[in-house]
Amino acid sequence: MAQIIQWFPGHMAKAFRLMRENLKLVDIVFELVDARIPESSRNPEVDKLIGKKPRLLIMTKADLADPEQTRLWKKHFEMQGYTVLVLDTRDPKTPQLVTKAAREALKAKKTAQLEKGIVDQPIRALIAGIPNVGKSTLLNHLIKKNVAPTADRPGVTKKIAWLKTSTKLELLDSPGVLWPKFEDQAIGLRLSLTGAVKSTIFAKDDAALFLLKFYRDYYPERIIARYHLPDNAFDQSDVDVLLLITQKLGFKDDYDRASERILSDLRKGKLGTFTLDLIEAQS
């Protein structure tokens, strides 16, 4: 039986309280979602918290996602009425792109301010998203210096802080937050694969098998090429494929170690661009 994945440490509950208290201070919420899991990385509790407050939905890590799926997801979110920005947060134009999109999302408010003679007011924004979605990397690009801590693991940011940019944004950072219970364990596995869930609370082999099933269905040739498997490798079960990869890596019967390598290869882009949430499943 697969392990049930759940992770909601105390600092996340505190973060929700702080976000709720500070929401009234901002003009807009920047909701970050991982382009590799555009739906699974949307926190339903954050969505409820934002309510009707203006938001800019930023799809991060687009360079790691399937470009066609990203295009379809952007269109899907725009049809729901969101202003959407697809972003590779390493892009040097990030500050200008984010500021322009924020102004577009706040066009009605800015027009009303101009009519009252209020000119060029800074935009105050709350940055919200799940762990490891790229918030700190985005902030460091926006303010052009490394003041927000970054790491390829969840739970690095644990307090609220205001930051100012040269493009007249005032940003309220917040810790990455998950929600108390994943109703669908497939969501938990997708979050595990992309690094949003702490590595110590899920079974690596469960995640690796989930990944192998996905690649069996959509990109079998990538697994075969990466791990030098025979062309008919996927005629076997996913468990047998994992054991075969374990042997090919020289790990004997240590499939946990092989599972960790597969997850690492995925996150580093060695298995190609991918999107685990497929838009056709949402239609």
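If you're wondering where the values come from, they're calculated on a predicted model, not measured in any experiment. For the single chain, residues carry numbers from 1 onward in sequence order.
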Interatomic spacing from CG in Leu278 to CG in Asp217 - rounded to 0.5 Å: 9.5 Å
Straight-line distance of Leu85 CG to Phe77 CZ, nearest 0.5 Å: 13.0 Å
Evaluation steps, side-chain contact (heavy atoms from CB on, under 4.5 Å), between Leu57 and Met59: CA-CA 7 Å; Leu57 199 151; Met59 297 180 69; 4.0 Å; yes
Any donor-acceptor N/O pair, Trp73 side chain to Glu39 backbone, under 3.5 Å: no
Residue pair Glu221 / Tyr219, side-chain heavy-atom distance below 4.5 Å: yes
Residues which pass side chain to side chain contact (heavy atoms under 4.5 Å, CB included) with Ala125, listed by chain and number, not counting sequence neighbours: Ile28, Phe30, Leu171
Check: Lys24 side chain, Glu21 main-chain N or O, donor-acceptor pair, under 3.5 Å: yes
Sequence-distant partners of Lys268, side chain to side chain contact (heavy atoms under 4.5 Å, CB included), two or more places apart: Ser264, Lys270
Verify same cluster id: Leu209, Leu271 (apolar side-chain graph, 4.5 Å): yes
Side chains of Leu172 and Leu25 in contact at under 4.5 Å (non-hydrogen atoms): no
Donor-acceptor under 3.5 Å (Arg267 side chain, Leu193 main chain): yes
Nearest-0.5 Å distance, CD1 of residue Ile143 to CG of residue Leu163: 4.5 Å
Candidate pair Leu56 and Tyr82, rule side-chain contact (heavy atoms from CB on, under 4.5 Å), full reasoning: CA-CA 7 Å; Leu56 169 62; Tyr82 299 121; over 6 Å; no
Shortest non-hydrogen contact between Val46 and Ala128, atoms and distance: CG1-CB, 4.0 Å
Pairs meeting criterion salt bridge (Lys or Arg N to Asp or Glu O under 4.0 Å) with involvement of residues 235-246, two or more places apart: Arg216-Asp238
Parallel, tilted or perpendicular: ring planes of Tyr215 versus Phe274, cut at 30 and 60 degrees: tilted
Beyond-backbone contact of Leu189 with Phe202, side-chain heavy atoms, under 4.5 angstrom: no
Show me, pair by pair, the donor-acceptor contacts under 3.5 angstrom made by side chains of residues 252-261, not counting sequence neighbours?
unit_1, atom_1, unit_2, atom_2, d
Asp254, OD1, Arg257, N, 3.2
Ser259, OG, Tyr255, O, 2.7

Working for side-chain contact (heavy atoms from CB on, under 4.5 Å), residues Ile130 and Arg42: CA-CA 7 Å; Ile130 66 169; Arg42 295 195 71 198; over 6 Å; no
Contact summary for Leu263 and Lys204, nearest pair of heavy atoms: CD1-CD, 4.1 Å
Asn132 versus Ala196, closest heavy-atom pair with distance: CB-CA, 4.2 Å
Arg124 side chain vs Asp27 backbone, donor-acceptor pair below 3.5 Å: no
Asp231 atom CG, neighbour heavy-atom count above 12 within 6.0 Å: no
Candidates Thr94, Thr167, Thr165 - the one meeting side chain to side chain donor-acceptor pair (under 3.5 Å) with Thr99: Thr167
Carboxylate-amine/guanidinium contact Lys74 Glu78, below 4.0 Å: yes
Full working for side-chain contact (heavy atoms from CB on, under 4.5 Å) between Ile123 and Glu170: CA-CA 6 Å; Ile123 293 174; Glu170 293 183 358; over 6 Å; no
Interatomic spacing from CZ in Arg226 to CD1 in Ile262 - rounded to 0.5 Å: 10.5 Å
Side-chain touch Pro131/Leu191, heavy atoms, less than 4.5 angstrom: no
Atom of Ala35, atom of Ala62 and distance for their closest heavy-atom approach: CB-CA, 3.9 Å
Validation row: Arg20, Leu49 side chains within 4.5 angstrom (heavy atoms): yes
Considering all heavy atoms, the nearest Ala65-Thr273 contact: O-CB, 3.3 Å
Side-chain donor or acceptor of Asp34 paired with backbone N/O of Ser41 under 3.5 Å: no
Test side chain to side chain contact (heavy atoms under 4.5 Å, CB included) applied to Leu72 - qualifying residues, sequence neighbours left out: Glu68, Gln69, Ile279
Donor-acceptor contact present, side-chain His228 to main-chain Ile224, <3.5 Å: no
From NZ (Lys53) to CZ (Arg55), nearest 0.5 Å: 12.0 Å
Backbone of Asp63 reached by a side-chain donor or acceptor of Asp88 within 3.5 Å: no
Atom pair CD (Glu31) and CG (Leu126), whose distance is rounded to the nearest 0.5 Å: 10.5 Å
By side-chain hydrogen bond (donor to acceptor under 3.5 Å, both in side chains) - contacts of Tyr218 (at least two apart): none
Beyond-backbone contact of Asp205 with Val239, side-chain heavy atoms, under 4.5 angstrom: no
Donor-acceptor contact below 3.5 Å, side chain Ser40 vs main chain Arg190: no
Side chain proximity check, Thr60 to Val33, heavy atoms < 4.5 angstrom: no
Within one Ile-Leu-Val-Met-Phe-Trp-Tyr cluster: Leu64 and Val197, side-chain cutoff 4.5 Å: no
Ile58 side chain near Val84 side chain, heavy-atom distance below 4.5 Å: no
